[in-house]
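Some notes on the structure that comes next.
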Amino acid sequence: MRLSDGERLSDQEEVRRNKLTQIISCGYNPYPADEFLVTHFSHDITTTYSDAIQEQYKNVHVAGRIMSINDRGKVVFLKIQDSKGLLQLYVRRDDLCKDGDTKLWSGLVQNLDLGDIIGVKGFVFITKTGEISLHVESLQLLTKSLKPLPVVKRDAEGHVFDEVTNPEFKYRQRYADLVINPDSRNVFILRTRIIQFIRDFLNQRGALEVETPVLQSIPGGANARPFVTDYNALNTKFYLRIANELYLKRLIVGGFDWVYEFSRNFRNEGMDKTHNPEFTILESYTAYKDYYWMMNLIEQLIEQLVLTLHGKTDIELQGRVVSFKAPFKRVAILDAINKALLTGIQGGKFSADFSEPIELWDNSKLALFCTTVLHIAPVKINTLGRGKLIDTIFGELCEADFVTPTFIIDHPVDMSPLAKKHRLKKDLVERFELYVNGKELANAYSELNDPIDQYKRFGEQLQLSAKGDDEAMYLDSDFLRALEYGMPPTAGVGIGIDRLCMLLSNQASIKDVLLFPHLKPE
RNA sequence: GGAUCCUUAGCUUAGUUGGUAGAGCAUCUGACUCUUAAUCAGAGGGUCGUCGGUUCGAAUCCGACAGGAUCCA
């Protein structure tokens, strides 16, 4: 008996299939359809039970997966795991088989394996060794498990047996990882709590959650290579969205004054510890506000989120304590770079040729710095515009320094084609990025709403594209048409949800905060 | 895309100038009606990622491929 071609069954799998046959031949259904009424969860019992209130625990129904079996002959101790934790079951043959017919014992109980899912009824008591347990009066199989589960065992000294450490196993068989590894499960519970917190935070302030197209005819709103697909009914190429920004702005044009969406975005690019081609960004746009207002909002959001999850605003990240107390530091990106240049020159890392403030450098000097100091291939640099060069220098020189939450603000105009020009500072835009633990967590602008300026910016992107920058933005004339009707002054923000989850769950890889990260097919 | 490393039983792994694989947990058989890594006595389970080469002989050396991890681009 096999489920798929070419796969030989292991001895343990053969054994389980034989047990399945025995269970069926004894008249028990290994996959019953009936509802099993659950009255209690493991954790609730083990945290609230005491002998003083045992009357309330006389008829308890629990269901879960068998995680340990301690067979003592005519008594078996089982531990089952439900969604909230573990509960020990005390199963006695003579309690299950009161009429002397031991078929249930020999036909079913003795054919149970680790991983089987059972439903039990009984009363709660405390064993001689002091463990709150369920004395089982009836037991039924709810699902037979045919594949051995590498259940983790721990001894009294804390030695761990059978813990799956192979990351490929965890990622490919997340279902198994979630069963055997509570740490994994907790990360994903935390992820949901984070998303719920943000949703509540925005809803309480009057924001409207919306849904915009995942399939787009023009992949706009970001600099990235898209996934392409054929749209049969419309007989044209479509793209999976790289961002939802331009659609949310269309909604601001339409008169909604605060919208947001948790947007699953797709970028056809490399994957590493912080990038998965499919990822989640929260985008939110608010009419009549600017990026200063947005900075205040975001620092409130992050501070309160950390406070809610951890009960305090100072938390430990990779061995150092980081404060999330608002307000966060605000540093102009050019100031940050100039400071790093000065430090580098004083430390002898680069020559004094680069002592002039970076805003005065011409493009050839930027390129020279990138090739000689940062050792970036000239072929690549030739495709980059001024803004991307400066962004690259910031990434290399400064990014890692911003461990405590810091707003990096006022970027050069040509690296921010959707941001409004700064009200005071020439050649800059009203933009901020939030850096925490050396990584970009959020990106926001006072949104560009001047359709003529926006048209010019798209034009500059087209020129970059012609130079070979395959991430330059596409021109979206429908978006320009929307802007021509008039979009009120608007502040917009995007928060990387995956990175936020990595940060707050202290995970080093994005794969550890994605339930099903992409891997090559087996 | 480049460099380095990894792939041995269900899981974790040992395997020393190349001599047809050893363990713990899990599994199976037997004993045990309050155990908790239960214990005790026995047993089975591996085409050592795949394919090819060198050799009398390959888990081990060489090559290609596949998957994964880390770092770089």
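Residue numbers begin at 1 in each chain, while the letters A, B, ... track the order of the sequences. The structure displayed is predicted, hence computed values, not measured ones.
- Nearest to the side-chain atoms of K153(A) among the listed nucleotides rU12(B), rC34(B), rA38(B) stands rA38(B).
- In the set rC28(B), rU35(B), rU13(B), rU35(B) carries the atom at the smallest distance from any side-chain atom of F77(A).
- For Q88(A), the side-chain atoms get nearest to rU35(B) when compared with the rest of rU35(B), rG10(B), rG44(B).
- Residue Y90(A) has its side chain nearest to rC34(B) when only rC28(B), rC34(B), rU12(B) are considered.
- OP1 or OP2 of rU13(B) has at least one side-chain nitrogen or oxygen of T165(A) nearer than 4.0 Å.
- Between the CZ atom of F161(A) and the P atom of rA23(B) there is a distance of 16 Å, given to the nearest Å.
- Within the structure, every pair that satisfies the salt bridge (charged side-chain N to carboxylate O under 4.0 Å, His left out) test and touches residues 393-414 of chain A, not counting sequence neighbours, is listed here: D410(A)-K425(A).
- Remark: K365(A) does not engage D362(A) in a salt bridge, criterion side-chain N to carboxylate O under 4.0 Å.
- In this structure, T127(A) reaches the bases: a heavy-atom distance under 4.0 Å links it to at least one base atom across the strands shown.
- E440(A) is linked by a salt bridge (Lys or Arg N to Asp or Glu O under 4.0 Å) to nothing, counting only residues two or more places apart in sequence or in another chain.
- For V373(A), the side-chain contact (heavy atoms from CB on, under 4.5 Å) partners are F350(A), F354(A), F369(A), not counting sequence neighbours.
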Response to the item:
For RNA chain B, the dot-bracket notation using Watson-Crick and G-U wobble pairs below 3.5 Å, [ ] for pseudoknot-type crossings and | for other-strand pairs, is (((((((..((((.....[..)))).(((((.......))))).....(((((..]....)))))))))))).
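- The interatomic distance linking F125(A) (CZ) with rC34(B) (C1') rounds to 7 Å, in whole Å.
- Remark: P of rU35(B) and CD1 of I126(A) are 15 Å apart, rounded to the nearest angstrom.
- Of the listed nucleotides (rC34(B), rU12(B), rG10(B)), rC34(B) has the atom at the smallest distance from the side chain of K128(A).
- Contacts of R154(A) with the nucleic acid, taken as non-hydrogen atoms under 4.0 Å apart, involve only primed sugar atoms and P, OP1 or OP2.
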Item to complete: Starting at the 5' end of nucleotides 68-73 of chain B, put B wherever the base has a protein heavy atom under 4.0 Å, S where only the sugar-phosphate does, and a dash everywhere else.
Response: SSSS--
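- A donor atom on one side chain and an acceptor atom on the other are not found under 3.5 Å apart for N59(A) and Y57(A).
- Taking a cutoff of 4.0 Å between a charged side-chain nitrogen and a carboxylate oxygen, E433(A) and R431(A) qualify as a salt bridge.
- No hydrogens or angles considered: a donor-acceptor pair under 3.5 Å links the side chains of N363(A) and R386(A).
- Judged as a salt bridge (Lys or Arg N to Asp or Glu O under 4.0 Å), and not counting sequence neighbours, the contacts of K19(A) are D113(A).
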